[in-house]
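Report on the following structure.
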Amino acid sequence: PDVICAMSSDCHHTFRAPTKEIHSPADIERWTKSQDSEGLVSELLSDEVKGAAVELSQYLTGGFGDATRIDYGTGHELSFAAFLCCLFKLRILREDDYIGIVFSVIRSYLVVTRKLQTRYRMEPAGSQGVWGLDDFQFLPFVWGSSQLIGHPRLLPKSFPDQSIAKEFAGDYLFMDCIQFIHQMKTGPFPEHSNTLWGISGVPHWAKVNSGLIKMYKAEVLQKFPVIQHFVFGTLLSIQVASDH
């Protein structure tokens with residue numbers, strides 16, 4: 001689908017993908033304002049926590065790119081992850097929703113962000129080019145690699161093969177991400193996606209997954225150019241956690 005509904009079958013607000021190409025920053029700003037993200041979030045919350053809608057809507061809107069710079073990157077992806085994290089903290093989502101969130105909601109999220117990237121011609125925010133993992137995403141590779149741990153047929157060395165990625169894109173999140181790269185880029189895989197090519201040489205998915213988690217911490221969470229834009233509030237405080 002090209003719509004992210006508020007993880008509720010009866011919600012009345014939807015977060016819609018754009019239908020027109022962008023011609024100016026005002027175009028994407030109008031799209032952002034048209035979504036009524038605060039109204040969407042309010043439908044998820046009980047009366048006791050309705051006040052959190054203001055905070056959550058900032059994370060949700062921030063998860064789809066910057067309207068001024070017309071870019072999208074791992075910082076925006078982090079904002080959407082923070083939105084989901086807040087829903088868990090408020091007990092709107094629970095532990096038994098983990099798998100559904102990653103392999104249903106995140107897939108729908110990717111549909112919308114990819115349409116934004118292509119239709120609005122968004123620039124990669126903070127991209128490291130050929131030396132980065134991907135121009136736009138990171139977390140789907142982390143979660144997707146965990147899905148493949150112990151797979152009897154698909155090994156890391158398989159995913160650069162476009163035919164393999166295409167065949168299994170519908171079943172495995174990691175392969176879906178690789179297939180999208182094949183669709184958007186031309187030329188030899190080692191040249192346009194050198195970091196992923198290096199990862200394909202790792203023998204087991206468990207090692208790929210643990211390595212990507214370490215890489216995410218180093219390249220996203222510990223990078224000031226990324227984290228300087230992150231919004232802290234009452235649900236996700238800037239204060240050091242009490243157990244540290």
Side-chain angles (χ1 to χ4, degrees), residues 1-2 17-23 27-28 63-66 69-81 102-103 106-148 151 153-202 205 207-209 211-216 218-220 223 225-226:
D2 61 356
T19 57
K20 299 180 180 179
E21 289 188 357
I22 191 167
H23 298 289
D27 291 342
I28 194 169
F64 293 87
D66 187 274
R69 297 189 302 272
I70 317 175
D71 63 7
Y72 173 91
T74 52
H76 304 106
E77 179 188 77
L78 175 62
S79 182
F80 187 74
V102 171
F103 299 115
I106 293 300
R107 275 188 177 269
S108 296
Y109 170 70
L110 288 175
V111 169
V112 176
T113 55
R114 287 169 181 172
K115 287 188 176 181
L116 284 168
Q117 292 155 21
T118 54
R119 293 183 180 176
Y120 279 175
R121 300 175 184 175
M122 302 181 85
E123 293 290 328
S127 172
Q128 300 179 45
V130 68
W131 305 112
L133 182 71
D134 181 71
D135 285 343
F136 296 106
Q137 311 296 159
F138 200 121
L139 285 173
F141 290 94
V142 177
W143 293 321
S145 61
S146 69
Q147 185 188 16
L148 287 163
H151 195 285
R153 289 180 54 202
L154 294 176
L155 298 176
K157 66 180 181 181
S158 305
F159 73 74
D161 186 326
Q162 185 172 2
S163 63
I164 297 293
K166 183 177 182 179
E167 180 182 355
F168 292 98
D171 297 320
Y172 298 100
L173 186 59
F174 193 98
M175 295 300 179
D176 177 64
C177 293
I178 298 297
Q179 172 62 6
F180 185 67
I181 291 174
H182 283 302
Q183 292 174 350
M184 300 302 295
K185 297 185 177 184
T186 59
F189 193 85
E191 293 184 9
H192 62 63
S193 302
N194 187 264
T195 299
L196 282 167
W197 174 256
I199 289 173
S200 71
V202 177
W205 286 110
K207 191 171 182 180
V208 170
N209 182 250
L212 286 174
I213 292 173
K214 292 177 182 177
M215 187 177 175
Y216 185 75
E219 298 298 326
V220 179
K223 289 291 186 181
V226 176

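Along the sequence shown, residues are numbered consecutively beginning with 1.
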Hey, does [Y] have a side-chain heavy atom less than 4.5 Å from the side chain of [X]?
X	Y	result
Leu196	Ile181	yes
Arg153	Phe168	yes
Leu212	Leu133	yes
Gln117	Phe180	yes
Pro140	Arg107	no
Phe189	Gln162	no
Leu148	Leu155	no
Glu167	Met175	no

Before accepting this row, confirm whether a basic side-chain N of the pair Asp71/Arg121 lies closer than 4.0 Å to the acidic partner's carboxylate O.
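Judged by the 4.0 Å cut-off on N to carboxylate O distance, Asp71 and Arg121 do not form a salt bridge.
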Go through Asp135 and Lys185 one step at a time and tell me if the side-chain contact (heavy atoms from CB on, under 4.5 Å) criterion holds.
CA-CA 11 Å; Asp135 285 343; Lys185 297 185 177 184; 3.3 Å; yes
Quick check: does any side chain N or O of [X] sit under 3.5 Å from a backbone N or O of [Y], one acting as donor and the other as acceptor?
X	Y	result
Gln147	Leu173	yes
Ser158	Leu154	no
His182	Pro160	yes

Give the intermediate values and the outcome of side-chain contact (heavy atoms from CB on, under 4.5 Å) for residues Arg114 and Phe136.
CA-CA 9 Å; Arg114 287 169 181 172; Phe136 296 106; over 6 Å; no
For the atom pair [atom1] ([X]) and [atom2] ([Y]), what is the distance rounded to the nearest 0.5 Å?
X	Y	atom1	atom2	result
Asn209	Lys214	CG	NZ	11.0 Å
Ile199	Ser193	CD1	OG	10.0 Å
Leu139	Asp134	CG	CG	11.5 Å
Phe141	Thr195	CZ	OG1	10.5 Å
His76	Thr74	NE2	OG1	9.0 Å
Thr113	Glu77	OG1	CD	8.5 Å

Intermediate values then yes/no, salt bridge (charged side-chain N to carboxylate O under 4.0 Å, His left out), Lys166 and Asp161
CA-CA 9 Å; Lys166 183 177 182 179; Asp161 186 326; over 6 Å; no
Would you please test Lys115 and Val112 for side-chain contact (heavy atoms from CB on, under 4.5 Å) and show each step?
CA-CA 5 Å; Lys115 287 188 176 181; Val112 176; 5.9 Å; no
Where do Phe80 and Ile106 land on the side-chain contact (heavy atoms from CB on, under 4.5 Å) test, with the steps shown first?
CA-CA 9 Å; Phe80 187 74; Ile106 293 300; 4.0 Å; yes
From the options Tyr172, Trp197, Phe174, select the one residue that forms a ring pair (Phe, Tyr, Trp, His ring centres under 6.0 Å) with Phe159.
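Checked Tyr172, Trp197, Phe174 against Phe159; only one passes ring pair (Phe, Tyr, Trp, His ring centres under 6.0 Å): Phe174.
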Stepwise, does the side-chain hydrogen bond (donor to acceptor under 3.5 Å, both in side chains) test hold for Tyr72 with Gln137?
CA-CA 9 Å; Tyr72 173 91; Gln137 311 296 159; 3.3 Å; yes
Which atom of Pro156 lies closest to which atom of Val208, heavy atoms considered:
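Where Pro156 meets Val208 most closely, the heavy atoms are CG-CG2, 3.9 Å.
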